[in-house]
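Fair warning: this is a prediction, and the values are worked out from it, not measured in the lab. For the numbers below, each heavy atom of this structure counts, side chains included, while hydrogens, waters and symmetry mates do not.
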Amino acid sequence: MQVAITVNGVLHERDVDPRTLLVHFLREELDLTGTKIGCDTSQCGACTVHLDGKVLKSCTLLAVQADGAEITTIEGLAENGQHHPMQTAFWENHGLQCGYCTPGMIMASAAFVRDNPGASEGEIRHYLEGNICRCTGYHNIVKAVKQVADAAAGS
Amino acid sequence: MSTRIFGSGIKRREDPRLITGEARYTDDIKLPGVLHMAVVRSPYAHANIVSIDSSAAQAMEGVVAVYTSEDIGDGLAGLPTAWLIPDSDLKTPEHPALAKGKVRYVGDGVAIVLADDRYRAQDAADAVVVEYEELPAVIDPEEAAGEGAPLIHDDVEGNIAFRWVMGDREASDAVFDAADVVVSERILQQRLLPTAMEPRSAMAQYNAATEELTLWCTSQNPHIHRFIISAVTGLNENKVRVIAPEVGGGFGSKIPCYPDEALVSWAAIKLGLPVKWTETRSENYLITIHGRDHVQHVEMAAGNDGALLGVRATVYAGMGGYLSTAAPGIPTILHGLLYVGPYTMGSVFCESIGVMTNGTPTDAYRGAGRPEATFLLERMVDNVARAIDMDPAELRRKNLIPAFEDGHEVATTLVYDSGDYPVAFEKALDMAGYGDFREQQAAARAESRYLGIGVTAYTEMCGLGPSQVAGAVGFQGGLWESATVRVTPTGKVQALIGASPHGQGSETTLAQIIADELGFPVDDIEVIHGDTTETPMGWGTYGSRTTPVTGAALAQASRKLKDKARVLAAHLMEANVDDIEYADGSFSVKGSPDQAQSIQDVALMAHLAWNMPEGMDPGFEESQFYDPPNFVYPFGTHIAIVEVDAETGVIDLQRYIAVDDCGPQINPEIVAGQIHGGVVQGIAQALCEGVIYDENGQLLTGTMQDYCMPKADMFPNFELGETVTPSPHHPVGVKGVGETGTIASTPTVYNAVLDALAPLGVQQIDMPLTSAKVWSAIQDARS
């Protein structure tokens, strides 16, 4: 099936097998391998991207369902060569170790803070339930997200 | 003097590629013409294979080949077990890459399909028709070792793979017979799923002309993978290149060499095309090693005065359907030798029985044997406290080994390197406000609120380890590390290491060691790892050994360079070597501070070699092999405070305090991260994680939907403290810290919950302490 999907500002027109998951389309077809696959039951959140600005686990959608959509992946989050504040905060706060959950974690957190500036630690921990990290114990992830949430509330 | 880089919590050098999605993990790497491998896996835990019909699969679009064990023939040797515990009557049953005639756990590989596309390969695997004759299965290790259990391997009588004994039974009997108090408990160390977030993946490419095989794989130890792949394929080791690119966590599960890595290698050789395999998470839960799985019968002897006299245990350790790479070493050497912990306890005895079962093979999972030891010890200490009506913190305080700086031999024969347990213990108690807590607890109980506190004092053995010891305990390898510090003509550093970090931040920590030794800016130092062709030999990243062992090799290589630089600088400045002073990467002549050569100047002159002292070789590069003289023994005290809702069984973890001593901290932020992560894994064992099999050996916790992975909202912010006791035998005094959190936190939280439940009469609950189990235990105690 023909699809036209804009990813990180670039329009891609492709003929895809109808059963192709969006995450496989991104990784295999477009070679955007920053988006990861950590489970097969939509629990882990490693494949989180933004679809028309909304947070989406890209393993839960077929590529054909994303026809006409605008997708942002971790590769497209930085603007003008500058890290997104969430990327900076993860780096500064040691919010990652092996890095595998990190793209999804950053994508989910960036959208959350955009919609919830000033979110409390409890709200952040509750929200992050959909993203699993095995390395950090979440402590420094929460610290990073809180730093951006506090800054967003102050601006 | 500038701020010392050693001890500074700088940002990680790994992170720019990881936060932008630019890092390349195995499955991210593509080769033109690659075939995808899917594995037909047994749906039964124990069955004979009657027939395999792959004709339908062979005919499907995109399918290149389907192979079974018969097709492989002697093309692949069985996977070896690489830890052969001596004096244990060890049996090592054959572990073929694909099952031969019989399957022994759900997920055991039966056939492989090679196709041009991931989806098509899986479709075709589903179309392979295998007829099985189901056999009775056994999962519980104690049951599997008992009378009448189904026999899993014909050559492993009674399913007993080994029987390892530590200590003297009669001496133990004498201590226990004479003791005032003996407490006992049957402890279940439930199976756990390591769950590195990156599933395992392997891709192989073979060049028939040069007979070279390249294997990209999710490995914690590419040099060990090279060794084993060479052994099973028959290729010369120098024709095998193993590359562990970015690796997304391991926790032990990426140590073993699995059938899948052998199979992609064999198929790539057979077909002359690159072959890739990446497991799904459900597949990961079926086939990637599990951790723990002990049934322990434990006793502890004590005096009425609170003196801990002895501990002993009979351990049934589930090995699963085959003996994984390091499996026999985990419930033995890495377990029994930890039975003294931080206490002045004179008598230890352990009989550990490795039992074949129809579960997934088990092997090292974060802590590997040491969490299982620390849990039983700390559990029994709390039981003694209850039996003699002594406060559990006071009981621990009475029994801690006093401070020592350079060696302390304990009853298990280990010689601990250094420790000051009382200082860490009192610091943790202060941070927790232990005395005040007991008052709050009493007041809360009066209102039918159930608060509890758990205290764990621990020490553990890591930084594995002296190679002579490795040999003596049957480890089929050395445990040294090697490293090269190579400085380019323009004064930039490449540090090549044999270890293979996969999330620990070692590119940063190790760069800090070199920067501290030689004065190069840390941003000018690249740590290169994970490729057997580019890096010197090393045994890998596990057992909290990379900072202690590789770090020592790098420190010593750096010191060799510094010695060379000093002589060359003296020569260049026409000064006496004894008059050269070094500070912050600069060599100057005593009394003439204006005359100086930077380390970069010296590196350039060493490369140019225009003006060298007589007898000095050109170049600026040094290598070092480092074989540690002893293990390192980090230690500390962890405390948890919980509240249990007696009506629902829900546990609220309110505070978690961790005071750890891993010697001088090179990067305190990275140390903290290791502790946070380890603590969460350990707490999750206490509270929610656990593999469940049904009576037929079907894995019921086979997805992330069914297996309880810890989530952010289960935890408070952790309160960390530290003490600093250098290791006397280490060049920079450091100890490992990768596993301490997992080792200490499980008993801490478990004991806190049981402390909360004490007034309700609950004395024991098998882990994990789910609210349903806690609620039931409360009901049972009330009735």
Has [X] got a side-chain atom pairing as donor or acceptor with [Y]'s backbone, closer than 3.5 angstrom?
X: A:Arg134; Y: B:Pro194; answer: yes
X: A:His139; Y: B:Phe718; answer: yes
X: B:Arg12; Y: A:His94; answer: no

Classify the angle between the aromatic ring planes of A:His24 and B:Tyr119 as parallel (below 30°), tilted (30 to 60°) or perpendicular (above 60°). perpendicular
What part of A:Thr41 gets within 4.5 angstrom of chain B, counting heavy atoms only: side chain, backbone, both, or neither? both
Counting only heavy atoms closer than 4.5 Å, note whether A:Ile37 contacts chain B via side chain, backbone, both or neither.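 Looking at A:Ile37, just its backbone touches chain B.
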Distance check, rounded to the nearest 0.5 Å: [X] atom [atom1] versus [Y] atom [atom2]?
X: B:His676; Y: A:Ile141; atom1: NE2; atom2: CD1; value: 11.5 Å
X: B:Asp117; Y: A:Glu28; atom1: CG; atom2: CD; value: 8.0 Å
X: B:Asp15; Y: A:Gln97; atom1: CG; atom2: CD; value: 9.5 Å
X: B:Ile19; Y: A:Phe90; atom1: CD1; atom2: CZ; value: 10.0 Å
X: A:Tyr100; Y: B:Glu246; atom1: OH; atom2: CD; value: 11.5 Å
X: A:Glu129; Y: B:Met714; atom1: CD; atom2: CE; value: 10.0 Å

For [X], is it the side chain, the backbone, both or neither that has a heavy atom under 4.5 Å from a heavy atom of chain A?
X: B:Met704; value: both
X: B:Asp706; value: neither
X: B:Phe251; value: side chain

Which of the residues [options] is involved in the greatest number of heavy-atom pairs with chain B at under 4.5 angstrom?
options: A:Thr73, A:Thr88, A:Thr20; value: A:Thr20
options: A:Ile74, A:Ile106, A:Asn93; value: A:Ile74
options: A:Met86, A:Met105, A:His83, A:Arg27; value: A:Arg27
options: A:Ile124, A:Leu96, A:Thr136; value: A:Leu96

Do other residues, nucleotides or ligands put more than 12 heavy atoms under 6.0 Å from B:Glu61 CD? no
Candidates B:Arg281, B:Gln705, B:Glu283, B:Glu279 - the one meeting side-chain contact (heavy atoms from CB on, under 4.5 Å) with A:Asp40: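 Of all the options given, the one that passes is B:Arg281.
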Check the pair A:Asp17 / B:Arg120 against salt bridge (charged side-chain N to carboxylate O under 4.0 Å, His left out), numbers first and verdict last. CA-CA 11 Å; A:Asp17 184 345; B:Arg120 285 170 171 171; over 6 Å; no
Among [options], single out the residue with the greatest number of heavy-atom pairs under 4.5 Å to chain A.
options: B:Ile10, B:Leu18, B:Val680; result: B:Leu18
options: B:Glu14, B:Arg17, B:Gln674, B:Arg118; result: B:Arg118
options: B:Thr20, B:Thr280, B:Thr703; result: B:Thr20
options: B:Ala196, B:Gly678, B:Gly505, B:Pro710; result: B:Pro710
options: B:Gly673, B:Ala672, B:Gly9, B:Pro501; result: B:Gly673

Which pair of non-hydrogen atoms, one from B:Gly249 and one from A:Cys98, has the smallest distance, and what is that distance?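 The pair with the smallest heavy-atom distance is N-CB, 3.3 Å.
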For A:Trp91 against B:Lys11, the heavy-atom pair lying closest together: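 Heavy atoms only, the tightest pair is NE1-CB, 3.5 Å.
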Residues of residues 21-31 of chain B contacting chain A, heavy-atom criterion under 4.5 Å, by residue number: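 Checking residues 21-31 of chain B against chain A gives B:Gly21, B:Glu22, B:Ala23, B:Arg24, B:Tyr25, B:Asp27, B:Asp28, B:Lys30.
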